[in-house]
Amino acid sequence: MTNDQSPITRLSIRFTTAGESHGKALVSILEGCPAGLPLLAADIDEQLVRRQQGYGRGRRMQIEQDHVEFLSGVRAGETLGSPIAMLIPNRDWNNWQDIMDPAPRPEDAAEGRKRQVTRVRPGHADLTGLLKYDRDDARDILERASARETTARVAAGAVCRKLLAQFGVTIGSHLVHLGGIDAERPDPFPADINVVADRSPLRTLDMDAAAKMIARIDAAKSDGNTLGGICEVVVDGLPVGLGSHVSWDRKLDGRLAGAMLSIPAVKGVEIGMGFEAARRMGSEVHDEIEMAHDRVRTGNVRRRTNRAGGLEGGMTTGEPLVVRVAMKPISTLMKPLGTIDTKTAAPAAATAERSDVTAVPAMGVIAEAMAALVLADAFVEKFGGDSLTELRRNHDAYLSHIATRLQG
């Protein structure tokens with residue numbers, strides 16, 4: 001492709017992560033954040049702590065005390081507009097150095113590394129990754145496929161959350177289902193979801209359901225089993241018009257769904273009514289519109305209901321964005337399922353490593369981070385700006401304009 005045929009690169013927020021579950025550290029790199037955003041390590045650490053909470057977590061959460069160190073992109077408490085690189089050390093590295101050492105060891109050729117995984121786990125990336133990447137030891141796969149990687153995502157998402165908060169956008173989540181038990185949504189709904197949800201060991205707003213869920217987790221643990229569940233992410237304060245209807249890859253619902261489905265063990269995403277909308281008549285699904293002159297972010301209108309979950313035509317409506325994310329039970333069972341040993345092709349019981357009984361409460365925090373990353377990207381895409389000041393100026397000008405569109 002010649003230079004005059006090169007596609008136009010849109011302004012965007014991008015991130016990547018590096019590191020293995022029991023490697024020396026995780027690295028998170030975020031690019032596209034405008035200069036001038038106030039940012040401290042404590043802003044990141046607060047979210048990392050939230051990710052480690054939740055009843056049913058394994059002993060790894062007692063070992064790790066996640067803390068971020070800025071390597072670049074931040075100076076004197078403000079972002080510089082350059083890539084933000086963050087290092088999150090793994091404390092468990094001290095116990096795994098001989099297993100995860102990047103350098104070859106003399107004994108490797110004869111004996112191989114300790115704690116090889118050849119009894120691959122059903123439901124995990126072990127077998128498929130081993131075949132795809134032509135490895136003999138599935139540890140080469142599972143160390144990266146581990147949900148430990150999401151620590152680095154939460155770090156990047158924390159920066160984006162901080163950026164969105166500058167414009168009055170809040171992101172919260174709560175657990176709505178675990179292991180066959182539903183949680184009721186309270187009425188009225190709390191103004192700050194996380195303040196209430198984070199007080200619960202399961203991050204649910206229904207304390208009666210929480211007690212039943214804890215008993216269910218205890219029973220599953222005794223049985224050597226695991227449990228899945230569903231979390232709901234709610235984003236408030238978004239302006240109308242983020243995302244676009246014009247191309248498939250700019251539709252915000254598709255971008256959000258892709259981000260959520262990239263979370264390990266997530267198998268389903270719903271926006272608004274989700275699958276229930278397919279079972280209803282149109283009159284029970286679509287949101288009627290009325291004038292509301294005090295609601296600038298929505299264009300001086302309101303939806304009488306929010307069945308669409310804050311998205312229409314791939315764009316935000318200004319109503320609360322509601323996304324539900326379904327996580328399957330974790331693949332590592334203490335009473336292992338049947339599998340094969342890839343060294344011998346013989347039947348075997350799957351490898352059983354230290355694991356959680358459930359990580360659904362933590363998944364909600366990770367889903368918040370992924371929502372923040374997608375929405376911050378859409379925000380920068382819509383309003384542009386190399387600095388926070390410029391971004392704010394463009395945002396405010398847009399709101400001033402849409403405030404004049406529908407006068408009634």
Using modelled atom types only, decide if a donor and an acceptor are shared between the side chain of S244 and the backbone of R250 within a distance under 3.5 Å. no

If you count the non-hydrogen atoms of other residues, nucleotides and ligands that lie under 6.0 Å from NZ in K328, is the total more than 12? yes

So CG of L238 and CG of L164: to nearest 0.5 Å the spacing works out to 7.5 Å

Heavy atoms of R51 and R148 approach each other most closely as NH2-CA, 3.7 Å

What ring pair (Phe, Tyr, Trp, His ring centres under 6.0 Å) pairs are there with at least one residue in residues 167-194, not counting sequence neighbours? F167-F379, F167-H395, H174-F189

Report yes or no: does E276 contribute a side-chain atom to a donor-acceptor pair with the main-chain N or O of M273 at less than 3.5 Å? no

Taking all atoms of both residues into account, what is the closest heavy-atom pair of V301 and R303, and its distance? CG2-NH1, 3.8 Å

Heavy-atom side-chain contact between D66 and D45 under 4.5 Å: no

Heavy-atom count around R405 CZ within 6.0 Å, excluding the residue itself: above 12? no

Pair R203, S173: side-chain N/O donor-acceptor within cut-off below 3.5 Å: yes

Those residues that, when tested against F70, pass ring-ring contact (aromatic ring centres under 6.0 Å, His included) (two or more places apart): none

Tell me whether D356 contacts the main-chain N or O of A359 through its side chain, where contact means a donor paired with an acceptor under 3.5 Å. no

Do D236 and T170 have side-chain atoms, one donor and one acceptor, less than 3.5 Å apart? no

Judged by atom type as modelled, is there a donor-acceptor pair below 3.5 Å linking the side chain of R216 to the main-chain atoms of L178? no

CG/L391 to NZ/K382 distance, rounded to the nearest 0.5 angstrom? 12.0 Å

If you compare all heavy atoms of L261 against all heavy atoms of G268, which two are closest, and at what distance to 0.1 Å? CD2-N, 3.8 Å

Distance only, no hydrogens: is a donor on one side chain within 3.5 Å (strictly under) of an acceptor on the other, for Q166 and R392? yes

Here's a test for you: under side-chain hydrogen bond (donor to acceptor under 3.5 Å, both in side chains), which of R302, R295, R297 qualifies with E319? R295

Checking side chain to side chain contact (heavy atoms under 4.5 Å, CB included) for the pair D98/R105: CA distance, chi angles, key distance, verdict? CA-CA 9 Å; D98 59 338; R105 292 170 173 247; 3.7 Å; yes

Side chains of R393 and T389 in contact at under 4.5 Å (non-hydrogen atoms): yes

Does the side chain of V120 reach to within under 4.5 Å of the side chain of L142, using non-hydrogen atoms? no

Compare all side-chain heavy atoms of R161 with those of D43 and state whether any distance is below 4.5 angstrom. no

So do I330 and T358 actually touch side chain to side chain, heavy atoms under 4.5 Å? no

Roughly how far, to the nearest 0.5 Å, is CD1 of I141 from CG of D126? 8.5 Å

When rounded to the nearest 0.5 Å, the distance separating CE of M281 from NE2 of H286 is 10.5 Å

Inter-residue atom distance E284.CD - T305.OG1, 0.5 Å rounding: 11.5 Å

Check G309 against I271 and note the closest heavy-atom contact, atom names and distance. O-CG2, 4.2 Å

Are the side chain of S146 and the backbone of E143 linked by a donor-acceptor contact shorter than 3.5 Å? no

Looking at every non-hydrogen atom in both residues, tell me the closest pair between A145 and A125 and how far apart they are. CB-CB, 3.8 Å

Would you kindly say whether Q47 and R50 are connected by a side-chain donor-acceptor distance under 3.5 Å? yes

V360 side chain near I230 side chain, heavy-atom distance below 4.5 Å: no

Decide if atom NZ of K212 counts as having more than 12 heavy atoms of other residues, nucleotides or ligands within a radius under 6.0 Å. no

Sub-4.5 Å side-chain heavy-atom contact between R139 and I99: yes

Keeping the roles fixed (side chain from D137, backbone from V117), state whether a donor-acceptor pair exists under 3.5 Å. yes

Within a reach of under 6.0 Å around CG of N94, are more than 12 heavy atoms found that belong to other residues, nucleotides or ligands? yes

Within a 6.0 Å radius of atom CD on Q97, are there more than 12 heavy atoms belonging to other residues, nucleotides or ligands? yes

Flag the pair D198 / Q53 as yes when at least one side-chain heavy-atom distance between them is below 4.5 Å, and no otherwise. no

Count the heavy atoms belonging to other residues, nucleotides or ligands that lie under 6.0 Å from CZ of R14, then report whether that count exceeds 12. no

Which heavy-atom pair separates W93 from G23 by the least distance, and what is that distance? CE3-C, 3.4 Å

Using modelled atom types only, decide if a donor and an acceptor are shared between the side chain of T339 and the backbone of P122 within a distance under 3.5 Å. no

Sidechain-backbone polar pair: T17 side chain, V27 backbone, donor-acceptor under 3.5 Å: no

Verify, without hydrogens or angle tests, whether T204 (side chain) and L175 (backbone) share a donor-acceptor contact under 3.5 angstrom. yes

Kindly check if the number of other-residue, nucleotide or ligand heavy atoms within 6.0 Å of CG (D396) is above 12? yes

Would you say S387's side chain and E390's backbone share a donor-acceptor pair under 3.5 angstrom? yes

Side chains of E312 and T317, donor plus acceptor under 3.5 Å: no

Approximate separation, where rounding is to 0.5 Å, of L321 CG and L375 CG: 6.0 Å

